[in-house]
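We're numbering straight along the sequence, starting at 1. Below, each value reflects all heavy atoms present in this structure, side chains not excepted, and no hydrogens, waters or symmetry copies.
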Amino acid sequence: LLLTNVFAVDGRSGRRLKNWPIDWRISAGAISGDLRILGTDHAWPHHETLAVYSGPDFKLLWTRRNPKEPIVAGIAAEGDSMLVATYDDEHMFHPGHAVLEMVAARTGTTIWTKEITAEYMLLPTPVGLTQGTATFFMDDTRDSSIVQAFDADTGIQKWIVHTDRRLVDGVICSGQRCFIGAVSGEILEVDVRSGAT
């Protein structure tokens with residue numbers, strides 16, 4: 001299954017499975033089991049910011065509307081949980097304010113939220129979720145970044161790491177490790193249990 005900013009596609013046949021509403025501008029997506037999760041950076045006039053579908057028939061489970069139109073910068077999902085990062089306006093690649101929210105994906109119920117301010121730069125697709133650990137990546141200087149980890153169930157911070165590399169975007173997690181690209185062309189690997197890089 002491939003999620004694009006316009007539709008969902010069967011990865012084997014190339015057949016379109018679902019078109020998103022024409023007024024949605026998709027900015028983030030995730031797949032977890034039978035759940036298909038979408039976030040927007042624009043959804044006029046109804047201001048949907050999150051939508052969750054289930055199964056191969058894309059049954060809509062719920063949508064969330066927010067007239068303040070926050071930008072969904074990243075979504076990571078594991079099991080029935082999803083971590084969502086929203087920015088208050090278009091502050092990617094600039095200083096700004098982020099809200100992290102752990103959500104029960106099937107119901108839309110908020111489990112916990114965290115507010116984070118980036119003094120240097122917020123990144124697109126800044127979140128990872130694996131093995132019960134939620135991670136958030138942001139740059140703190142021209143030459144370094146910060147990685148923070150939170151317990152997925154409680155939101156309690158587990159660790160924080162300052163890297164000697166400036167990161168770009170696109171967190172990918174597998175097992176107990178998350179990977180993200182650096183401006184230098186290298187890939188940073190982080191152990192989510194310990195914060196070791």
Please report the C-alpha distance between Leu188 and Leu167 in whole Å, then the side-chain angles of each, then the deciding distance to 0.1 Å, and finally whether the side-chain contact (heavy atoms from CB on, under 4.5 Å) criterion is met.
-> CA-CA 8 Å; Leu188 180 75; Leu167 304 176; 3.8 Å; yes

Could you walk me through whether Leu61 and Leu35 pass the side-chain contact (heavy atoms from CB on, under 4.5 Å) test, one step at a time?
-> CA-CA 9 Å; Leu61 295 181; Leu35 299 175; 3.7 Å; yes

Applying side-chain contact (heavy atoms from CB on, under 4.5 Å), run through Leu3 and Leu1 and close with a yes or a no.
-> CA-CA 7 Å; Leu3 301 180; Leu1 177 66; 4.3 Å; yes

side-chain contact (heavy atoms from CB on, under 4.5 Å) assessment of Met102 paired with Ser81 = CA-CA 7 Å; Met102 186 63 68; Ser81 296; 4.1 Å; yes

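For residues 116-132, no pair satisfies salt bridge (Lys or Arg N to Asp or Glu O under 4.0 Å), with sequence neighbours left out. A disulfide (SG to SG under 2.5 Å) check over residues 3-55, counting only residues at least two apart or in different chains, returns nothing. Pairs engaging residues 100-111 under the salt bridge (Lys or Arg N to Asp or Glu O under 4.0 Å) rule: Asp34-Arg106, Arg64-Glu101, Asp80-Arg106 [sequence neighbours left out]. Residue pairs meeting the disulfide (SG to SG under 2.5 Å) criterion with at least one member in residues 146-175, sequence neighbours excluded: Cys173-Cys178. Listed by first and then second residue, the salt bridge (Lys or Arg N to Asp or Glu O under 4.0 Å) pairs involving residues 176-190 are Arg165-Glu186, Arg177-Glu189, Arg177-Asp191 (not counting sequence neighbours). Counting only residues at least two apart or on different chains, no disulfide (SG to SG under 2.5 Å) pair has a member in residues 17-54.
A salt bridge links Arg166 with Asp139: at least one charged nitrogen is closer than 4.0 Å to a carboxylate oxygen.
Partners of Glu78 under the side chain to side chain contact (heavy atoms under 4.5 Å, CB included) rule, at least two apart in sequence or in another chain, are Leu129, Thr130. Looking at residues two or more places apart in sequence or on another chain, you find a side chain to side chain donor-acceptor pair (under 3.5 Å) between Thr109 and Thr107. Applying the side chain to side chain contact (heavy atoms under 4.5 Å, CB included) test to Ile116 and every residue at least two apart in sequence or in another chain returns Leu100, Phe136, Met138, Gln148, Phe150. Residues satisfying the side chain to side chain donor-acceptor pair (under 3.5 Å) test with Trp24, not counting sequence neighbours, are Glu48. Here Lys18 pairs with Ala8, Trp20, Tyr53, Phe58 under the side chain to side chain contact (heavy atoms under 4.5 Å, CB included) rule; sequence neighbours left out. Every residue two or more places apart in sequence or in another chain that forms a side chain to side chain contact (heavy atoms under 4.5 Å, CB included) with Asp151 is listed here: Asp153, Thr154, Lys158.
Separating the CG atom in Leu17 from the CG atom in Asp10 is a distance of 5.5 Å, to the nearest 0.5 Å. Interatomic distance, CG of Asp143 versus OG of Ser184, reported as 10.5 Å (0.5 Å rounding). Going from atom OG of Ser27 over to atom CG of Asn5 covers 10.0 Å, rounded to the nearest 0.5 Å. Atom CD of residue Gln176 and atom OG of residue Ser194 lie 7.5 Å apart, to the nearest 0.5 angstrom. Separation of atoms OG1 (Thr163) and CD1 (Ile180) is listed at 9.5 Å; rounding is to 0.5 Å.
With contacts defined as side-chain heavy-atom distances shorter than 4.5 Å, the pair His162/Asp140 qualifies. Between His47 and Asn66 the shortest side-chain heavy-atom distance does not fall below 4.5 Å.
Around the CD1 atom of Ile31, the shell of radius 6.0 Å holds more than 12 heavy atoms that belong to other residues, nucleotides or ligands. Within 6.0 Å of the CD1 atom in Ile172, the count of heavy atoms belonging to other residues, nucleotides or ligands does not exceed 12.
Heavy-atom minimum distance, Thr133 versus Ala149: CG2-CB, 3.8 Å. Between Phe137 and Val171, the shortest heavy-atom distance links the atoms CD1-CG2, 3.4 Å. Minimum interatomic distance between Val161 and Gly195 (heavy atoms only, all atoms of both residues): CG2-O, 3.2 Å. Across all non-hydrogen atoms, the minimal contact from Leu122 to Gly96 is CD1-C, 3.6 Å. Taking all atoms of both residues into account, the shortest heavy-atom contact from Pro126 to Tyr87 is CG-OH, 3.3 Å. Here the shortest heavy-atom pairing between Gly170 and Thr125 reads N-OG1, 2.8 Å.
Under the 3.5 Å distance criterion, the side-chain polar atoms of Trp112 are matched with a main-chain donor or acceptor of Ala152. A distance-only check finds a donor-acceptor pair linking the side chain of Thr135 to the backbone of Gly128 [under 3.5 Å]. The backbone N or O of Ser144 sits less than 3.5 Å from a side-chain atom of Thr141, completing a donor-acceptor pair. Between the side chain of Thr86 and the backbone N or O of Val72, no donor-acceptor pair lies under 3.5 Å.
Side-chain heavy atoms closer than 4.5 Å link hydrophobic residues (I, L, V, M, F, W, Y) into clusters, and following such links, possibly through other members, connects Val84 to Trp62. No path of Ile, Leu, Val, Met, Phe, Trp and Tyr side chains, each step under 4.5 Å between heavy atoms, connects Leu38 with Ile75, placing them in separate hydrophobic clusters. Val9 and Ile26 fall into different hydrophobic clusters, defined by Ile, Leu, Val, Met, Phe, Trp and Tyr side-chain heavy atoms under 4.5 Å apart, directly or through other members.
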